[in-house]
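All remarks here apply to the structure that follows.
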Amino acid sequence: FDRYNKLKRTFEAVTVQIEETQMQIDHLETILTALDIARQEEDLQLIKQELIDSGYMKSHAGKKNKNSKAMPKSKPLHFRSSDGYDMYVGKNNYQNEELTFKFATGNDWWFHAKGMPGSHVIVKSGNDELPDRVFEEAGRLAGYYSKGRDNDKIEIDYLQKKNVKKPNGSAPGFVVYYTNYSLTIHPDISGLTLIE
């Protein structure tokens, strides 16, 4: 009986460790995807800061810390749809979180590649009913700026921002949602207009 209880406690402890390790792996995969998307030094600085905040890197005390706070803030990518709607793409987990929970309003649309690390894409709807082409273009952005960029086809989840939630204590950029639409696209962004 004692041996059974000991094995049961060990099993429970190992199960928790496996879940925590999988969460860390998932988080690190999102950071790896952000490195692929990074375009400027500011993007790399935000990724470095996330690694420090998550405990994967040590912060160097002194002058470097003061300089990093003075670094210009990295901005998400801004595209304009064929129908004139603004679409924003987060380049890392901090931008994803800011776009989704501070920038987007309830009726804006949120897009993300299904089941893989990638950017949050926000379409500012202005409370309009969006044309089908806007959904397809935003889906292509979400597919291109994800781990599945090189796939021929990729499934994209999308829903209104008001239905996207952040669990307490979760890593930056991590969200949950339950009722969503899906579309399958080829992640090609040629023809989409990048606004500088």
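For residues 107-132, the pairs satisfying salt bridge (Lys or Arg N to Asp or Glu O under 4.0 Å) are Asp108-Lys124, Lys114-Asp157, with sequence neighbours left out.
With rounding to the nearest 0.5 Å, the separation of CZ in Phe111 from CD in Glu137 is 10.0 Å. We find the OG1-CD1 distance between Thr105 and Ile122 to be 9.0 Å, quoted to the nearest 0.5 Å. In this structure, CD on Gln17 lies 10.0 Å from OG1 on Thr10, to the nearest 0.5 angstrom. In this structure, the separation between CD1 on Ile37 and CG on Asp43 is 9.5 Å, given to the nearest 0.5 Å. Rounded to the nearest 0.5 angstrom, Ile31 CD1 and Asp26 CG are separated by 11.5 Å. The NE2 atom of His186 sits 7.5 Å away from the NZ atom of Lys153 when rounded to the nearest 0.5 Å.
Annotation for Ala142 and Ser146: closest pair O-CB, 3.3 Å, computed over non-hydrogen atoms. Residues Glu97 and Ala171 approach most closely at OE1-O, 4.1 Å, considering heavy atoms. Here the closest heavy-atom approach between residue Leu99 and residue His120 is recorded as CD1-O, 3.9 Å. Residue Phe174 comes nearest to Pro167 through the heavy atom pair CE2-CG, 3.7 Å, listed as atom of the first residue, atom of the second, then distance. What you find for Lys91 and Asn96 is that their closest heavy atoms are N-OD1, 4.5 Å. Smallest separation of non-hydrogen atoms from Ser125 and Tyr85: O-CE2, 3.7 Å.
Open room surrounds NZ on Lys147; 12 or fewer heavy atoms of other groups in view lie less than 6.0 Å from it. Within 6.0 Å of atom CE in Met23, 12 or fewer heavy atoms from other residues, nucleotides or ligands are found, so the atom counts as exposed in its surroundings.
A donor and an acceptor atom, one from each side chain of Ser190 and Asp188, are located under 3.5 Å apart.
When hydrophobic clusters are built by joining Ile, Leu, Val, Met, Phe, Trp and Tyr residues whose side-chain heavy atoms come closer than 4.5 Å, directly or via intermediates, Val175 is not grouped with Met116. Residues Leu141 and Leu194 share a single hydrophobic cluster, defined by chaining ILVMFWY side chains whose heavy atoms lie under 4.5 Å apart.
Each of Tyr177, Phe103, Tyr181 was scored for a ring-ring contact (aromatic ring centres under 6.0 Å, His included) with Trp110, with one residue passing: Tyr177. The only option from Leu32, Asp36, Thr33 that meets the side-chain contact (heavy atoms from CB on, under 4.5 Å) definition with Pro117 turns out to be Thr33. Screening Asp86, Val89, Val123 for a side-chain contact (heavy atoms from CB on, under 4.5 Å) with Phe79, the sole residue that qualifies is Val89.
Two residues are said to be in side-chain contact when any heavy atoms from C-beta on lie closer than 4.5 Å; Ile189 and Tyr145 meet this criterion. Using a 4.5 Å heavy-atom cutoff, the side chains of Ser182 and Thr184 are not in contact. Counting heavy atoms from C-beta outward, Tyr56 and Leu28 have side chains that approach closer than 4.5 Å. Two residues are said to be in side-chain contact when any heavy atoms from C-beta on lie closer than 4.5 Å; Glu50 and Leu46 fail this criterion. In this structure the side chain of Lys48 reaches within 4.5 angstrom of the side chain of Ile52, judged on heavy atoms. Asn93 has its side chain within reach of His27: a pair of non-hydrogen atoms, C-beta onward, lies under 4.5 Å apart. Residues Pro187 and Arg149 are not in side-chain contact: their nearest non-hydrogen atoms beyond the backbone lie 4.5 Å or more apart. Between Thr15 and Glu12, the closest side-chain pair of non-hydrogen atoms is not below 4.5 Å.
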>> As a quick check of understanding, evaluate side-chain contact (heavy atoms from CB on, under 4.5 Å) for Val164 and Phe101, giving each step before the final call.
In response: CA-CA 9 Å; Val164 179; Phe101 297 109; 4.1 Å; yes

> Would Glu136 and Leu183 count as a side-chain contact (heavy atoms from CB on, under 4.5 Å) if you check the C-alpha gap in whole Å, the side-chain angles of each, and the deciding distance to 0.1 Å?
Replying inline: CA-CA 8 Å; Glu136 188 259 331; Leu183 58 92; 5.7 Å; no

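Not one N or O on the side chain of Ser119 forms a donor-acceptor pair closer than 3.5 Å with the backbone of Val121. In this structure a side-chain-to-backbone donor-acceptor pair under 3.5 Å is missing from Lys58 to Gly55.
Residues satisfying the ring pair (Phe, Tyr, Trp, His ring centres under 6.0 Å) criterion with Phe135, sequence neighbours excluded, are Trp109, Tyr158. For Lys75, there are no salt bridge (Lys or Arg N to Asp or Glu O under 4.0 Å) partners at least two apart in sequence or on another chain.
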